[in-house]
K.L.:
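Right, I'll just put the structure down here and ask away after.
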Amino acid sequence: MAKAFSTRAENYSKWYNDIVQYAGLAENSAVRGCMVIKPYGYAIWEKMQAGLDKMFKDTGHSNAYFPLFIPKSFFSREADHVEGFAKECAVVTHYRLKQDEKGGGIVVDEDAKLEEELVVRPTSETIIWDTYRQWVQSYRDLPILVNQWANVVRWEMRTRMFLRTAEFLWQEGHTAHATREEALEETYQMLDVYADFAENHMAIPVLKGIKSASERFAGAEETFCIEALMQDGKALQAGTSHFLGQNFAKAFDVKFAGKTGKLEYVWATSWGVSTRLVGALIMAHSDDRGLVLPPKLAPIQTVIVPIYKNDDQYKLVCEKAAEIKKELEQFGIQVKLDDRDTHKPGWKFSEYEFKGVPVRIAIGPRDVENGTVEVARRDTLEKEVVPMDNLGERVQGLLETIQKVLYQRALDFRESNTHKVDSWEEFKRLLDDKGGFLLAHWDGTPETEQKIKEETRATIRCIPLEKSEEQGKCVYSGNPSPGRVVFARAY
RNA sequence: CGGGGUGUGGCGCAGUUGGCUAGCGCACUUGCAUGGGGUGCAAGGGGUCGGAAGUUCGAGUCUUCUCACCCCGACCA
């Protein structure tokens, strides 16, 4: 019957790969560590881009584009930054190829060596701050609120579709401000934007928090993040917002004259989310029958499948189906009428099921006669025969319901997999049992954090912003702790 | 970068004392029937067995080297 699908319980990572493959989201490419994002997967990314881009614009940001290549010397300006990224940078050393004189095909032309090597951007802080120096002279030039949609390269040893690839697509916002307060406010604002997007578009609840020093972005003063919980009990960082202080302004000498004429360094932020969100989306909602997409990010929100036995019926049913499509589109619903005669209805049902299309409408001769259609929901797999009247309204309502149900389901899952833990034994047991978020006391030292990581592979995902002040004892060392932090094994 | 594994039509695999024309499932093409949950039957097309060298009358099969990919660790969004 159905294509052999791995289940989550059997083999979670195989299940994930199967979904990516069968739903047509992406595939491996000829280049190690780099994936081809296929049209259906890219369509999801485009919907994410559209949603986020509007939110960025609504908060006063503009898009721009900076070069893919960064002079190597730029990188070494900020000490922490180089150290953080040095191990995973691709470097361009030559600019020409030539025919091998010995007949070995095309080779690098050693005469075409670059005077200064170029780093393929792993992130753009350096080139952007080198540019901002030119843009900023007075407090009147501030703030600069710029975002760019781009690809970046981080030479990863081990890669996984969408979650970690050598090249990935993302957006990176880079802002410059006159005061520390304003930059901090921006950092928080963008964190809120990300949380809003995750919860209301992706239907994934997230924890907002601060990263511990060891997990902090290289070059940042403080890193904020949103953390989501996947169905296998592992955490996934879904977005980050960094308060960069004056680190990059100092490294690139970006100063402005304040109202009193005094020269001051600019305050900075940067924030980003990547195609990793597609991975989060897959792992948050999908089931053993395939992908499940929240309506707001589904490239196809409703699919109509005609059912027929002969040409006459085909014509009759498709005509009606086209009318329905038109009606739904008037409600702003993205509809696909799959009138291909090359595939059978059952085949189509399966296909749209593992592609995660939220609502499926089947219409056959019986329906045309009775003035009904069959409406099926991807989230609950429920089917219902309903009248054709007011179908647009009904489907619109259904899509809204599905969006809510998915969020609620993900929230319930997170709630039931978040535990306060006070003993080291329980900490280890829960982690091995089912994973999830563990709220535990931590003495605040990197040493303890490191030890916990070595012994359990769990890391501090964040120090929650909405924490209840609670004195306690560190779950590992027993030393005093000012509050609980979130531990989990993570992607 | 360490440990393990796999390379055979598009995909998934079988082929293990070396032997004849390299096979199976899915997919593909054609025809007929079928059509409310991956439809059935029949007939077809498609391979220098990852690459190189070697042993041999003879290599998918044995030896050496090499490349690629996957899984598990260390590092990371």
Side-chain angles (χ1 to χ4, degrees), chain A residues 1-5 11-14 16-18 21-22 27-34 83-89 122-123 151-172 194 211 214-218 223 225-228 235-242 270-280 289-290 305-314 317 340-355 360-370 372-376 381 383 385 450 453-454 457 459 461 490-491:
Chain A
M1 270 269 275
K3 207 162 186 169
F5 225 114
N11 186 340
Y12 193 83
S13 59
K14 185 157 193 303
Y16 176 83
N17 287 335
D18 283 353
Q21 191 193 134
Y22 294 150
E27 62 191 35
N28 279 314
S29 70
V31 185
R32 179 222 289 263
C34 296
E83 207 187 314
F85 287 103
K87 284 169 291 181
E88 49 188 27
C89 285
T123 178
N151 58 337
V152 287
V153 169
R154 295 181 189 176
W155 213 260
E156 298 291 345
M157 290 302 172
R158 236 184 109 196
T159 58
R160 291 196 67 190
M161 296 270 200
F162 291 109
L163 299 175
R164 178 166 296 106
T165 46
E167 179 192 15
F168 58 95
L169 306 183
W170 78 345
Q171 70 48 228
E172 47 181 325
Y194 288 153
K211 283 294 188 191
S214 69
E215 300 268 332
R216 193 180 291 150
F217 174 73
T223 287
C225 62
I226 52 171
E227 292 284 330
L236 185 122
Q237 179 177 305
T240 50
S241 183
H242 313 292
S270 70
W271 27 274
V273 297
S274 71
T275 35
R276 175 175 243 213
L277 290 183
V278 178
R289 301 173 73 100
V305 178
I307 289 150
Y308 52 90
K309 289 188 185 177
N310 52 48
D311 286 353
D312 287 347
Q313 287 187 353
Y314 177 78
V317 168
R340 290 176 299 174
D341 190 38
T342 52
H343 297 274
K344 319 252 318 183
W347 194 94
K348 292 176 184 175
F349 289 174
S350 297
E351 180 176 41
Y352 293 111
E353 200 161 273
F354 57 66
K355 285 196 148 186
R360 183 191 70 225
I361 294 173
I363 174 166
R366 281 206 309 265
D367 292 307
V368 175
E369 202 173 309
N370 301 336
T372 57
V373 292
E374 183 197 78
V375 175
L381 299 167
K383 288 190 283 197
V385 175
Q450 182 62 28
K453 186 178 174 181
E454 280 165 17
R457 281 170 42 230
T459 50
R461 299 321 303 154
Y491 277 99

K.L.:
Measure from the side chain of A:Asn28, starting at C-beta and using heavy atoms only, and say which of B:G37, B:C70, B:G36 lies closest.
P.N.:
B:C70

K.L.:
Is it the case that B:G37 (base atoms only) and A:Arg360 (side chain only) share a donor and an acceptor within less than 3.5 Å, ignoring hydrogens and angles?
P.N.:
yes

K.L.:
Taking the C1' atom in each of B:G10 and B:G47, what is the distance between them to the nearest angstrom?
P.N.:
12 Å

K.L.:
Tell me the interatomic distance from A:Glu83, atom CD, to B:C75, atom P, rounded to whole angstroms.
P.N.:
14 Å

K.L.:
Between B:G58 and B:A53, how far is it from one P atom to the other, in whole Å?
P.N.:
16 Å

K.L.:
When both hydrogen-bonding distances must be under 3.5 Å and the geometry is Watson-Crick or G-U wobble, what is B:C49 paired with, if anything?
P.N.:
none

K.L.:
Rounded to the Å, how far apart are A:Glu156 CD and B:C69 C1'?
P.N.:
18 Å

K.L.:
Rounded to whole Å, please give me the gap between CZ in A:Arg160 and P in B:G73.
P.N.:
11 Å

K.L.:
Out of B:G36, B:G37, B:G35, which nucleotide sits closest to the side chain of A:Asp367?
P.N.:
B:G36

K.L.:
Determine the interatomic distance between P on B:A22 and the same-named atom on B:A42; round to the nearest Å.
P.N.:
25 Å

K.L.:
Determine the Euclidean distance between corresponding C1' atoms of B:C20 and B:U61; express it in Å to zero decimal places.
P.N.:
16 Å

K.L.:
Using only heavy-atom distances, determine whether the side chains of A:Ser214 and A:Arg216 contain a donor-acceptor pair under 3.5 Å.
P.N.:
no

K.L.:
With both distances under 3.5 angstrom, what nucleotide forms a Watson-Crick or G-U wobble pair with B:C24?
P.N.:
B:G12

K.L.:
With distance as the sole test, does A:Thr165 use its side chain to make a donor-acceptor pair with the main-chain N or O of A:Glu167 at under 3.5 Å?
P.N.:
yes

K.L.:
Quote, to the nearest angstrom, the P distance that separates B:A52 from B:G9.
P.N.:
15 Å

K.L.:
Could you tell me the Watson-Crick or G-U partner of B:U17, where both distances fall under 3.5 Å? Say none if there is no partner.
P.N.:
none

K.L.:
If you measure only the distance, is there a donor-acceptor pair under 3.5 Å linking the side chains of A:His242 and A:Thr223?
P.N.:
yes

K.L.:
On the side chain of A:Lys383, is there an atom forming a donor-acceptor pair with the base of B:G37 - under 3.5 Å, no angle test?
P.N.:
yes

K.L.:
Does B:A74 pair with anything, Watson-Crick or G-U wobble, both distances under 3.5 Å, and if so, with which nucleotide?
P.N.:
none

K.L.:
Provide the closest heavy-atom pair for A:Pro122 versus A:Cys89 in the form atom of the first, atom of the second, distance.
P.N.:
CG-SG, 3.9 Å

K.L.:
Where the side chain of A:Lys344 is defined as all heavy atoms beyond and including C-beta, which of B:G36, B:U39, B:G37 is the nearest nucleotide?
P.N.:
B:U39

K.L.:
With both distances under 3.5 angstrom, what nucleotide forms a Watson-Crick or G-U wobble pair with B:G40?
P.N.:
B:C32

K.L.:
Tell me what A:Gln313 touches on the nucleic acid: a base, only sugar-phosphate, or nothing, going by heavy atoms under 4.0 Å.
P.N.:
nothing

K.L.:
Applying a 4.0 Å non-hydrogen cut-off, can you work out what A:Phe168 is touching in the nucleic acid: base, sugar-phosphate, or nothing?
P.N.:
base

K.L.:
State whether A:Glu353 and A:Lys383 are salt-bridged, where the test is any N-O pair (Lys NZ or Arg NE/NH1/NH2 against Asp/Glu carboxylate O) under 4.0 Å.
P.N.:
no

K.L.:
Paired with B:G7: which nucleotide, if any, by Watson-Crick or G-U wobble criteria at under 3.5 Å for both distances?
P.N.:
B:C67

K.L.:
Find out whether A:Tyr16 and A:Phe162 are in side-chain contact, i.e. whether some heavy atom of one side chain is under 4.5 Å from a heavy atom of the other.
P.N.:
yes

K.L.:
What is the distance, to the nearest angstrom, from the NE2 atom on A:His343 to the P atom on B:G35?
P.N.:
19 Å

K.L.:
Send over the distance from A:Tyr12 OH to B:C72 P, rounded to a whole Å.
P.N.:
14 Å

K.L.:
Both distances below 3.5 Å, Watson-Crick or wobble geometry, any strand: find the nucleotide opposite B:C62.
P.N.:
B:G54

K.L.:
Centre of A:Phe168's six-membered ring, under 6.0 Å away, within 45 degrees of the axis: is that where NZ or CZ of A:Arg154 sits?
P.N.:
no

K.L.:
Between B:U21 and B:C49, how far is it from one C1' atom to the other, in whole Å?
P.N.:
16 Å

K.L.:
Want to settle it: does A:Gly346 or A:Ala238 sit nearer the 5' end of RNA chain B, counting the closest nucleotide to each?
P.N.:
A:Gly346

K.L.:
At under 4.0 Å between heavy atoms, what does A:Leu236 touch on the DNA or RNA strands: base, sugar-phosphate, or nothing?
P.N.:
nothing

K.L.:
When the nearest nucleotide of RNA chain B is assigned to A:Thr165 and to A:Thr159 on a heavy-atom basis, which residue is associated with the more 5' position?
P.N.:
A:Thr159

K.L.:
Between B:G36, B:C71, B:C75, spot the one nearest the side chain of A:Asn17, thanks.
P.N.:
B:C71

K.L.:
Considering only side-chain heavy atoms of A:Ala362, which listed nucleotide, B:C72, B:G37, B:G36, is closest?
P.N.:
B:G36

K.L.:
If you check every side-chain atom of A:Arg158, which of B:G35, B:G73, B:G36 has the closest atom?
P.N.:
B:G73

K.L.:
Checking contacts here: which listed nucleotide (B:G35, B:G37, B:G36) is nearest the side-chain heavy atoms of A:Glu353?
P.N.:
B:G37

K.L.:
Starting at CH2 of A:Trp347 and ending at P of B:G36, how long is that distance when rounded to a whole Å?
P.N.:
15 Å

K.L.:
Answer yes when A:Lys211 and A:Glu227 have at least one side-chain N-carboxylate O distance shorter than 4.0 Å, and no when they do not.
P.N.:
yes

K.L.:
Send over the distance from A:Ile307 CD1 to B:U39 C1', rounded to a whole Å.
P.N.:
14 Å

K.L.:
Given the C1' atoms of B:U63 and B:G18, what is the spacing between them in whole Å?
P.N.:
13 Å

K.L.:
With C1' as the reference atom in both, quote the distance from B:C69 to B:U29 in angstrom, rounded to an integer.
P.N.:
31 Å

K.L.:
What nucleotide among B:G37, B:G73, B:G35 has an atom nearest to a side-chain atom of A:Arg457?
P.N.:
B:G73

K.L.:
Quick one: A:Glu88 CD to B:C1 P, roughly how many Å, whole number?
P.N.:
15 Å

